[in-house]
Amino acid sequence: MNYTSFNKNEEFFVDMQRCIGCKACEMACAECETNGQETMIHVNYVDRAATVQTTVQVCMHCDDPVCANVCPADAISKDEFGIVHTANTERCIGCSNCVMACPFGVPKKEENYDLMMKCTMCYDRTSVGKKPMCATVCPSGALFYGTKDEIQEMRPNSTPVNSFVFGKEVVNTKVNIMMPKGSTELIIY
């Protein structure tokens with residue numbers, strides 16, 4: 001496969017307030033031939049008892065991925081483009097350390113395969129200049145893959161943020177969350 005088409009200027013943006021819970025992203029992800037018909041993106045309810053508001057959960061592709069750091073089998077890797085890949089099937093021992101360690105709750109242990117699986121930002125597509133499957137089908141624009149200039153033009157009152165504060169820990173990511181204009185980080189309590 002020719003990976004020279006990978007555009008380093010394109011990024012993944014998530015606008016949580018635009019998610020309408022249609023699950024088109026989940027269906028598109030499951031159709032991707034590299035996922036074994038499993039979805040690697042998840043739509044969740046914020047507080048089902050009080051609201052129908054949903055949110056989408058994707059791998060944030062951390063700069064220093066704790067999932068890879070806690071893997072005793074060295075099955076999870078991050079490449080030169082910042083993509084944190086799903087567990088190598090030949091190395092993964094199914095211990096679930098990555099599942100428990102991820103501050104975003106992203107990796108899932110697929111019991112059928114005894115393997116950790118997660119979003120790879122459709123690396124098979126993005127590495128050849130295509131957009132991730134989920135971003136191509138999102139009808140509300142909650143998921144967008146493009147440049148910072150494009151997202152700023154589309155959302156002039158928002159700022160992409162990729163710095164998250166968990167107590168005293170700061171986690172920087174490849175994926176951006178859209179926040180109110182002027183925001184620099186998202187503090188999670």
Side-chain angles (χ1 to χ4, degrees), residues 1-16 18-19 22-43 55-68 71 75-92 98 102-108 110 113 115-155 158-164 171-179:
M1 184 180 286
N2 178 3
Y3 296 110
T4 57
S5 299
F6 195 86
N7 185 347
K8 290 184 181 182
N9 294 325
E10 289 188 314
E11 299 180 44
F12 200 93
F13 301 89
V14 180
D15 192 337
M16 299 290 186
R18 289 179 164 266
C19 181
C22 69
K23 298 190 178 200
C25 58
E26 287 185 354
M27 298 303 105
C29 184
E31 287 180 18
C32 185
E33 60 191 51
T34 59
N35 296 349
Q37 299 182 341
E38 300 285 342
T39 184
M40 301 297 134
I41 189 171
H42 303 282
V43 175
T55 185
V56 65
Q57 183 181 30
V58 298
C59 180
M60 300 302 287
H61 298 280
C62 300
D63 288 349
D64 184 20
V66 70
C67 60
C71 180
I76 304 167
S77 63
K78 177 181 159 188
D79 69 20
E80 69 272 17
F81 300 113
I83 303 298
V84 181
H85 291 274
T86 199
N88 179 318
T89 56
E90 294 174 4
R91 297 191 69 109
C92 183
C98 56
C102 177
F104 299 102
V106 171
K108 306 285 185 223
E110 294 296 333
Y113 308 113
L115 175 71
M116 180 282 277
M117 296 177 74
K118 64 166 213 54
C119 161
T120 60
M121 205 180 297
C122 284
Y123 190 73
D124 57 331
R125 294 174 55 82
T126 55
S127 65
V128 293
K130 296 180 180 179
K131 296 182 183 302
M133 291 291 287
C134 59
T136 66
V137 299
C138 182
S140 65
L143 304 173
F144 177 75
Y145 188 78
T147 66
K148 279 196 175 170
D149 288 341
E150 289 173 321
I151 197 71
Q152 286 172 344
E153 186 177 319
M154 291 168 51
R155 309 261 195 313
S158 297
T159 300
V161 170
N162 67 343
S163 184
F164 302 86
V171 177
N172 294 306
T173 65
K174 184 172 180 62
V175 174
N176 299 275
I177 300 292
M178 298 307 293
M179 298 285 294

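Small disclaimer: the values here were computed from a predicted structure and weren't measured. Start at 1 with the first residue, then count along the sequence. Keep in mind that the numbers below use all heavy atoms, side chains included, and drop hydrogens, waters and symmetry copies.
Summarising the geometry, atom NZ belonging to Lys108 is positioned 12.0 Å from atom SG belonging to Cys119; distances are rounded to the nearest 0.5 Å. Between atom SG of residue Cys22 and atom CE of residue Met27 there is a gap of 9.5 Å, rounded to the nearest 0.5 Å. Taken to the nearest 0.5 Å, the SG atom of Cys134 stands 3.5 Å off from the CZ atom of Phe12.
Partners of His85 under the side chain to side chain donor-acceptor pair (under 3.5 Å) rule, at least two apart in sequence or in another chain, are Asp79. Remark: Arg18 pairs with Asp15 by the salt bridge (Lys or Arg N to Asp or Glu O under 4.0 Å) rule, at least two apart or across chains. In this structure Gln152 satisfies the side-chain contact (heavy atoms from CB on, under 4.5 Å) test together with Asp149, sequence neighbours excluded. For Met16, the side-chain contact (heavy atoms from CB on, under 4.5 Å) criterion is met by Val14, Thr55, Val56, Ile177, not counting sequence neighbours. Legend: residues meeting side-chain contact (heavy atoms from CB on, under 4.5 Å) with Ser158, ordered by chain and number and at least two apart, are Arg155, Met178. Remark: Phe164 pairs with Phe104 by the ring-ring contact (aromatic ring centres under 6.0 Å, His included) rule, at least two apart or across chains. The salt bridge (Lys or Arg N to Asp or Glu O under 4.0 Å) test applied to Lys131 returns Glu10, not counting sequence neighbours. The side chain to side chain donor-acceptor pair (under 3.5 Å) test applied to Asn162 returns no partner, not counting sequence neighbours. Arg125 pairs by the side chain to side chain donor-acceptor pair (under 3.5 Å) definition with nothing, not counting sequence neighbours. Every residue two or more places apart in sequence or in another chain that forms a side-chain contact (heavy atoms from CB on, under 4.5 Å) with Cys71 is listed here: Ala73, Ala75, Ile76. Among residues two or more places apart in sequence or in another chain, the side chain to side chain donor-acceptor pair (under 3.5 Å) test is passed with Thr89 by none.
Nearest heavy atom pair, residue Asp124 against residue Val128, reads O-CG2, 3.5 Å. Residues Ser127 and Tyr123 come closest through the heavy atom pair OG-O, 2.6 Å. The two residues Cys102 and Val66 come nearest to each other via the heavy atoms CA-CG1, 4.0 Å. Nearest approach of Ala28 to Val137, heavy atoms of both residues: CB-CG2, 3.6 Å. Of all heavy-atom pairs between Thr39 and Ile41, the closest is OG1-O, 2.9 Å. When all heavy atoms are compared, the tightest approach of Cys67 to Cys98 is CB-CB, 3.7 Å.
Under the 3.5 Å distance criterion, the side-chain polar atoms of Glu11 are left unmatched by any main-chain donor or acceptor of Lys148.
The side-chain heavy atoms of Met133 and Cys29, taken from C-beta on, include no pair separated by under 4.5 Å. At least one side-chain heavy atom of Met121 sits less than 4.5 Å from a side-chain heavy atom of Lys174. Side-chain contact between Asp63 and Lys78: present, with at least one pair of heavy atoms (C-beta onward) separated by less than 4.5 Å. Using a 4.5 Å heavy-atom threshold, the side chains of Thr126 and Pro132 count as touching.
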Exercise. When you look at His61 and Lys118, which way does the side chain to side chain contact (heavy atoms under 4.5 Å, CB included) test go after all the steps?
Worked result: CA-CA 10 Å; His61 298 280; Lys118 64 166 213 54; 3.7 Å; yes
Problem set entry | Worked verdict on Val43 versus Cys25 for side chain to side chain contact (heavy atoms under 4.5 Å, CB included) | CA-CA 8 Å; Val43 175; Cys25 58; 3.7 Å; yes
